[in-house]
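Worksheet: the structure to be examined is printed underneath.
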Amino acid sequence: FVMLMVLTSCSEYQKLLKSNDYDLKYQKAMENYEKGDNMRASTLFGELIGIYRGTERSETAHFIYAQCLYNMRDYLMADHYFRMFVQNYPTSERAEDAQFMAAYCNYKMSPNPRLDQTYTYNALDGFQLFINLYPNSERASEATVLMDELRNKLVFKAYLNAKLYYHLGTYMGNNYQSAVIAARNTLDEFPDTKYREELSFLILDAKFIQAVNSIEERMEERLRDTIDEYYSFVNEFPQSQYLRRANRIFEETNALIR
């Protein structure tokens, strides 16, 4: 009986696809969407967007088609159709939701920090645009929270890059200096990051190792620079988890200067 019902349903759906009764297709597309059958709904709405072009039904079909794609986790295509919706229907009541969802699709595609972060930047740009366009929206605060999460991901990636330079040491060049530059740039771009303490200590540690391994002409200058970095670090993080290691760096640096 179940097999018979499935076969009957499939047969009816195939007939519907071939039909020129677009009002019936629209009705069935809505029914499928409301039942959670995003695959069938998207197939029907995808066709109806062009058929009803310039009408209210086209607007509805376009938005729900994008929503179906999102529900099926086809975030790349969903992003495209949500953005196209905003372009085609800028005054629509759904434009606000479409603008948010376009950014949210990129948020969903944002990978772990070790991979390319193009979608992360796209999501940040999208959420910022949403906030600019709809500052009083109920979802503006949600967009802000998501942007903070994405920024932390970018900071963590930068932190990993700085640590990579640090661990490379003197392999094929002075990677300690590269670690300092990478960490410093991250702190300049994201001053309120939760990784600020780790990055600040990495700068201190990298400067110390670089100074110890310097040629004689540069050593004293770099040791004094390390002392300055130590004072900056302990002033900002007097209770740091790295305080013991920082104090040891300070003592060893002072010993070398004397």
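No side-chain donor from either of Tyr52 and Thr60 sits under 3.5 Å from a side-chain acceptor of the other. Donor-acceptor pairing under 3.5 Å is lacking for the side chains of Glu251 and Asn247. Counting only N and O atoms by type, the side chains of Glu96 and Ser137 include a donor and acceptor under 3.5 Å apart.
Distance CG/Leu223 to CD/Gln210: 10.5 Å, rounded to 0.5 Å. Here Thr43 contributes atom OG1 and Lys25 contributes atom NZ; the two are 10.5 Å apart, rounded to the nearest 0.5 Å. Summarising the geometry, atom CG belonging to Leu187 is positioned 5.0 Å from atom CD1 belonging to Ile203; distances are rounded to the nearest 0.5 Å. Here Cys68 contributes atom SG and Asp74 contributes atom CG; the two are 11.5 Å apart, rounded to the nearest 0.5 Å. With rounding to the nearest 0.5 angstrom, the CG atom of Asn254 is 12.5 Å from the CD1 atom of Ile249. Taken to the nearest 0.5 Å, the CG atom of Leu243 stands 9.5 Å off from the CZ atom of Phe201.
Two rings, from Phe82 and Phe63, have their centers less than 6.0 Å apart. Under the 6.0 Å cut-off for aromatic ring centres, Phe233 and Phe237 qualify, their centroids lying closer than that.
A salt bridge links Arg57 and Asp23; the closest N-O separation between the charged side-chain nitrogens and carboxylate oxygens is under 4.0 Å. Between Glu220 and Arg224, at least one side-chain nitrogen of the basic residue sits less than 4.0 Å from a carboxylate oxygen of the acidic one, meeting the salt-bridge criterion. Lys28 has no carboxylate O lying under 4.0 Å from a charged side-chain N of Glu47, or vice versa, which leaves the two without a salt bridge. Salt bridge annotation for Asp148-Arg151: present, with a cationic side-chain nitrogen under 4.0 angstrom from a carboxylate oxygen.
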### Message
Evaluate Thr226 against Tyr230 for side-chain contact (heavy atoms from CB on, under 4.5 Å), listing each step before the verdict.
### Response
CA-CA 6 Å; Thr226 302; Tyr230 165 80; 5.7 Å; no
### Candidate pair Tyr119 and Leu76, rule side-chain contact (heavy atoms from CB on, under 4.5 Å), full reasoning
CA-CA 10 Å; Tyr119 291 121; Leu76 186 62; 3.9 Å; yes
### Task
Starting from the C-alpha separation in whole Å, work towards a yes-or-no answer on side-chain contact (heavy atoms from CB on, under 4.5 Å) for Asn122 and Met109.
CA-CA 10 Å; Asn122 289 346; Met109 291 188 288; over 6 Å; no
### Task
In sequence, state the C-alpha distance, the side-chain angles, and the governing distance for Arg83 and Asp79, and then conclude on salt bridge (charged side-chain N to carboxylate O under 4.0 Å, His left out).
CA-CA 6 Å; Arg83 285 188 291 106; Asp79 165 49; 3.1 Å; yes
### Message
What verdict does the side chain to side chain donor-acceptor pair (under 3.5 Å) test give for Tyr75 and Asn106, after you've listed the backbone C-alpha separation in whole Å, the side-chain angles of each residue and the deciding distance to 0.1 Å?
### Response
CA-CA 7 Å; Tyr75 301 124; Asn106 282 278; over 6 Å; no
### Task
List the steps and the verdict of side-chain contact (heavy atoms from CB on, under 4.5 Å) for Lys207 and Leu204.
CA-CA 5 Å; Lys207 282 190 172 185; Leu204 171 62; 5.7 Å; no
### Message
Using salt bridge (charged side-chain N to carboxylate O under 4.0 Å, His left out), reason through Glu189 and Lys157 one step at a time and then give a plain yes or no.
### Response
CA-CA 13 Å; Glu189 186 175 359; Lys157 181 177 178 63; over 6 Å; no
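Around the OH atom of Tyr165, the shell of radius 6.0 Å holds no more than 12 heavy atoms that belong to other residues, nucleotides or ligands. Atom CD of Gln239 has 12 or fewer heavy atoms from other residues, nucleotides or ligands within 6.0 Å. More than 12 heavy-atom neighbours from other residues, nucleotides or ligands sit within 6.0 angstrom of CZ on Phe208.
The closest side-chain heavy-atom distance from Ile257 to Ile227 is below 4.5 Å. Residues Met30 and Phe45 form a side-chain contact, since some pair of their non-hydrogen atoms from C-beta on lies under 4.5 Å apart. Using a 4.5 Å heavy-atom threshold, the side chains of Tyr26 and Ile51 count as separate.
Of all heavy-atom pairs spanning Leu48 and Ala29, the tightest one is CD1-CB, 4.5 Å. Residues Asp37 and Arg40 share a closest heavy-atom pair of OD2-CD, 3.1 Å. Nearest heavy-atom pair, Pro90 versus Ala95, reported as atom, atom and distance to 0.1 Å: O-CB, 3.7 Å. When all heavy atoms are compared, the tightest approach of Arg245 to Asp205 is NH2-OD2, 3.9 Å. Across Ser58 and Ile49, no two heavy atoms sit closer than the pair OG-O, 3.1 Å. Residue Ala123 comes nearest to Tyr107 through the heavy atom pair CB-N, 3.6 Å, listed as atom of the first residue, atom of the second, then distance.
Relative ring orientation between Phe100 and Phe130 is described as perpendicular, the plane-to-plane angle rising above 60° on a 0-90° scale split at 30° and 60°. Ring geometry for Tyr166 versus Tyr176: interplanar angle over 60°, hence perpendicular rather than tilted (30 to 60°).
Checking side-chain atoms of Lys153 against main-chain N and O of Asn112 turns up no donor-acceptor pair under 3.5 Å. Side chain of Ser42 to backbone of Tyr65: no donor-acceptor contact under 3.5 angstrom is found. Gln117 places a side-chain N or O within donor-acceptor distance of the main-chain N or O of Leu115, the cut-off being under 3.5 Å. Remark: the backbone N or O of Pro191 is paired with a side-chain donor or acceptor of Arg196 at under 3.5 angstrom.
Ile209 and Ile215 are not part of a single hydrophobic cluster, where members link through side-chain heavy atoms under 4.5 Å apart. Residues Tyr104 and Leu133 share a hydrophobic cluster, clusters being chains of Ile/Leu/Val/Met/Phe/Trp/Tyr side chains in contact below 4.5 Å. Under a hydrophobic-cluster definition in which Ile, Leu, Val, Met, Phe, Trp and Tyr are linked whenever side-chain heavy atoms come within less than 4.5 Å, directly or via other members, Val86 and Tyr89 are assigned to different clusters. Hydrophobic clustering (side-chain heavy atoms under 4.5 Å, transitive across Ile, Leu, Val, Met, Phe, Trp, Tyr) keeps Ile181 apart from Leu164. Criterion: ILVMFWY side-chain heavy atoms under 4.5 Å apart, direct or through other members. Under it, Leu154 and Leu160 are part of a common hydrophobic cluster.
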